[in-house]
Structure formats: C-alpha cells, structure tokens
Amino acid sequence: MILDGTLPSSVQAAARLLARGELLGLPTETVYGLAADADNDAAVARIFAAKGRPANHPLIVHVADSTAITHYAKEVPLFAQQLIDAFWPGPLTLILPRLPAAARASTGGQDSVGLRCPAHPVAHAVLAACQRLDPPVWGVAAPSANHFGKVSPTTAQHVADAFGDELLVLDGGACAVGIESTIIDCTRGVPVLLRPGAISRADVQRACGLRPLSKEELPTHTPRASGTLLAHYAPTARVRLMDARQLQAGLDVLGADAAHLAVYARAPLRSASSRIILRRMPDDAAAAAQQLFAALRGFDDAGARLIWIETPPDTPDWEGVRDRLQRAAAAG
C-alpha cells in the first residue's frame, strides 16, 4: 500500500510500524529503501529474506541526526567528523567502528557500522519520529527496496511493483539523486572510498583535507559494504557498454532487422529499424544519475533483451554512474 509520505499521519504510522518490527518502503534522496529497526535482529532478518540478500552483506543504518552516532559508533575520527559537518544530511555513508551491542544483524557480523543521515524530508521526518518513541528507534537499516542485485527503485511504484500491496510504502516522489550514497571507510586512519556516488573524491578531500584512497591502494582489512559486489544493479536485459563509434557500427550492422534492443547514449545515433528503443542520456552527470535506474527499468518494461549504453566519460563527476553501469554489465 502506498501512502502520501508528506502527511503527518503517514509518518506516525510508519514510525509505529518500524517499532513493531515490520518493514517499510522509505524514500530517500538517493533511492527508496526497504527499512526496519536496525537494532531489531528479527526485523533486519526480514529485510534479508524479502530481498534475497546474503545475511553477511551489511546494511547501512540511517539516522535522524549526528546525535544518534553515539548509539552505534565507538569513535568518530576527526576527518569523519569533518565529513559529517560538511555533508550530513546528504548522500554520504561513513563506516565507523561499531559498539559491540549495536546493530549486530545489520552489520553482517562485522565490527564496523555504516551510518548515513538522509536529506529527504520524508525520511528525516520518519527517523525523527522514531527517535521520539518510547523506547526510541535510534536507527533504521534501509538497503535499496528491490530484490538483491537488481535495479534500485527511485519511485514508490517501483517498490510496490517489487514487493506488492502488503508492504507499506511512503511516497516521497522521484528520488533527486538517483544512485546510492558515496561510502567512505573511516576505520583505518584515512578516508577510503568503497563506493562512489554523488559526493565525489574531490568533495571529500575539500571537506577533510585528506585525499580519499581507493580500496586497491589500501586493500588490507577492507570492510564489506553495501553495493560493492562486482555484479549488481542489473536489469533483466543484458547490459553492454560501448563507445559512440561502436554503438553506431553495431546499429549499422543490425540494420532494419534489429529488435528487442534498447540504446542509451549521449551521442546522436541512427538506426534503420523502427523496433529498437533509442533514448538520449543526459550530458550532465547529475541528471544522468537521477534518471539511470528509471531508464533501465523502462527498457525492461518495454521488452528489451539487450541494452547498449554509451560508456560514461572517465571524469570525476561521472564516477558514480560509471560504477553502477560497470556492475550492471558484469551481471550479464
């Protein structure tokens, strides 16, 4: 069932649902999440079961504000606090050392926890209402509200299509960012980028004065984190990345017989077939990120069996989109 997430009655109903150990479809500025009380192991187990997600693959805990950090994290390094001050609320997840009794199931058995304070007004209202409960719900585990490995949802209807009418979903409109949060590991003395997103490496360095390392530069003891598997974010159709010249050459070879094919590109392309889908990808990286998952879902819905996508530019602003597309293509 979809409810208007801007209504106070919907927010209160959602908070009570989470307190009872039930699941909720929750909008954030990145993607819609499948939410549960992060400290309720049975509720968190329901997330894993509903998604078909491995139980050792950790979930991000969403909090209303930085005051909830002390419920989950043993310490906050100075550079992590600088990132919190700069980007919370917003699309940034920080991996911090976990307090032993906190969010055990949500963290997949690790001694670290991923924390994020979302900027979406509906998510913030629900999280704040949860903190006012007696006893309070300090944080909500909320991975993307889709089946494991598939395309993330960016509208309430996407969530309802995946899980049916029995799941309560708060409608907060289309997600403004459209891809999952940037994840920075803060457990090893320096910032380490585990997953790119809307907040870039340069943004992180400007905020804390430290250049974020890659996983490859500091591979020892890298914690597991959401959305970092090689194959992920995949539509049913197979995804192939090509440059504009390869795309046009492929269309020319297929000619008028091409069918069940979708092409998503920034370059203007032509085809002799009326049975393929040609869709223009935005030239702006932020706009492309906002539209990406909805476009992939649309190609599936239109019956495409193969999706050809122009490889994003190798520039910092496109890193998040490039990461998601590479993982989607790996799933094929």
Side-chain angles (χ1 to χ4, degrees), residues 30-31 51-54 57 143-144 146-154 158 162 175 177-183 193-198 200-201 214-216 224-254 258-269 271 276-332:
T30 57
V31 300
K51 283 178 62 69
R53 182 184 179 111
H57 198 55
S144 56
N146 57 293
H147 295 111
F148 185 63
K150 298 301 182 181
V151 177
S152 299
T154 54
H158 291 163
C175 298
V177 174
I179 59 173
E180 295 81 0
S181 60
T182 302
I183 300 179
L193 179 68
L194 300 187
R195 180 176 73 185
S200 70
R201 296 171 189 262
S214 67
K215 291 179 290 184
E216 293 72 27
R224 298 187 305 277
S226 295
T228 56
L229 298 179
L230 176 62
H232 215 64
Y233 313 113
T236 301
R238 293 182 59 188
V239 173
R240 182 178 176 188
L241 300 180
M242 295 180 275
D243 62 33
R245 182 178 298 179
Q246 291 170 322
L247 288 171
Q248 187 59 66
L251 290 171
D252 291 342
V253 168
L254 292 176
H260 306 297
L261 170 67
V263 182
Y264 194 40
R266 300 176 307 285
L269 300 172
S271 171
I276 71 166
I277 305 166
L278 282 175
R279 177 166 173 175
R280 184 70 183 267
M281 179 189 293
D283 293 320
D284 175 73
Q290 198 275 334
Q291 296 180 20
L292 177 62
F293 290 144
L296 294 179
R297 285 174 175 270
F299 296 146
D300 269 346
D301 292 343
R305 298 175 187 168
L306 184 64
I307 303 172
W308 290 356
I309 300 178
E310 184 178 354
T311 304
D314 190 13
T315 56
D317 55 331
W318 282 89
E319 187 174 16
V321 174
R322 193 166 60 251
D323 171 82
R324 302 313 188 272
L325 287 176
Q326 288 170 345
R327 295 179 194 278

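Heavy-atom basis, side chains included; hydrogens, waters and symmetry copies ignored.
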[atom1]/[X] to [atom2]/[Y] distance, rounded to the nearest 0.5 angstrom?
X: Ser200; Y: Leu193; atom1: OG; atom2: CG; value: 9.5 Å
X: Thr311; Y: Leu247; atom1: OG1; atom2: CG; value: 7.5 Å
X: Leu269; Y: Gln248; atom1: CG; atom2: CD; value: 5.0 Å
X: Leu296; Y: Gln291; atom1: CG; atom2: CD; value: 11.5 Å
X: Leu241; Y: Gln326; atom1: CG; atom2: CD; value: 7.0 Å

Looking at every heavy atom in both [X] and [Y], which two are closest together, and how far apart are they?
X: Ala198; Y: Thr182; answer: N-OG1, 3.6 Å
X: Asp323; Y: Pro196; answer: CB-CG, 3.5 Å
X: Ser152; Y: Val31; answer: CB-CG1, 3.9 Å
X: Pro312; Y: Val321; answer: CG-CG1, 4.1 Å
X: Pro153; Y: Cys175; answer: O-SG, 4.4 Å
X: Asp317; Y: Ala285; answer: O-CB, 3.3 Å

Q) Taking the side chain as C-beta and beyond, is there a heavy-atom pair between Lys51 and Ser144 under 4.5 Å? A) yes
Q. Are Leu278 and Leu251 close enough that some pair of their side-chain heavy atoms sits under 4.5 Å apart?
A. yes
Q) If you draw a 6.0 Å radius around CZ in Arg305, do more than 12 non-hydrogen atoms from other residues or ligands fall strictly inside? A) no
Q) If you look only at pairs with a residue in residues 295-315, which of them pass as a ring-ring contact (aromatic ring centres under 6.0 Å, His included), with sequence neighbours excluded? A) Tyr264-Phe299
Q | Step-by-step side chain to side chain contact (heavy atoms under 4.5 Å, CB included) determination, Asn146 to Val151 | A | CA-CA 7 Å; Asn146 57 293; Val151 177; over 6 Å; no
Q: Can you spot which of Arg195, Arg327, Arg324 makes a salt bridge (charged side-chain N to carboxylate O under 4.0 Å, His left out) with Glu180?
A: Arg324
Q: Salt-bridge test for Arg201 and Glu319: reply yes if a basic N is under 4.0 Å from a carboxylate O, no otherwise.
A: yes
**Q.** Residues that His147 engages under ring pair (Phe, Tyr, Trp, His ring centres under 6.0 Å), provided they are two or more places apart
**A.** Phe163
Q. So Leu325 and Leu292, side chain to side chain contact (heavy atoms under 4.5 Å, CB included) or not? Walk me through it.
A. CA-CA 9 Å; Leu325 287 176; Leu292 177 62; 3.7 Å; yes
Q.
Before we go on, tell me: are the rings of His57 and Phe148 under 6.0 Å apart, centre to centre?
A. yes
Q.
Applying salt bridge (Lys or Arg N to Asp or Glu O under 4.0 Å), can you list everything that pairs with Arg240, at least two apart in sequence or on another chain?
A. none
Q | Met281 vs Ile309, side chain to side chain contact (heavy atoms under 4.5 Å, CB included): CA-CA, chis, key distance, verdict | A | CA-CA 9 Å; Met281 179 189 293; Ile309 300 178; 3.6 Å; yes
Q | Donor-acceptor contact below 3.5 Å, side chain Asp300 vs main chain Thr236 | A | yes
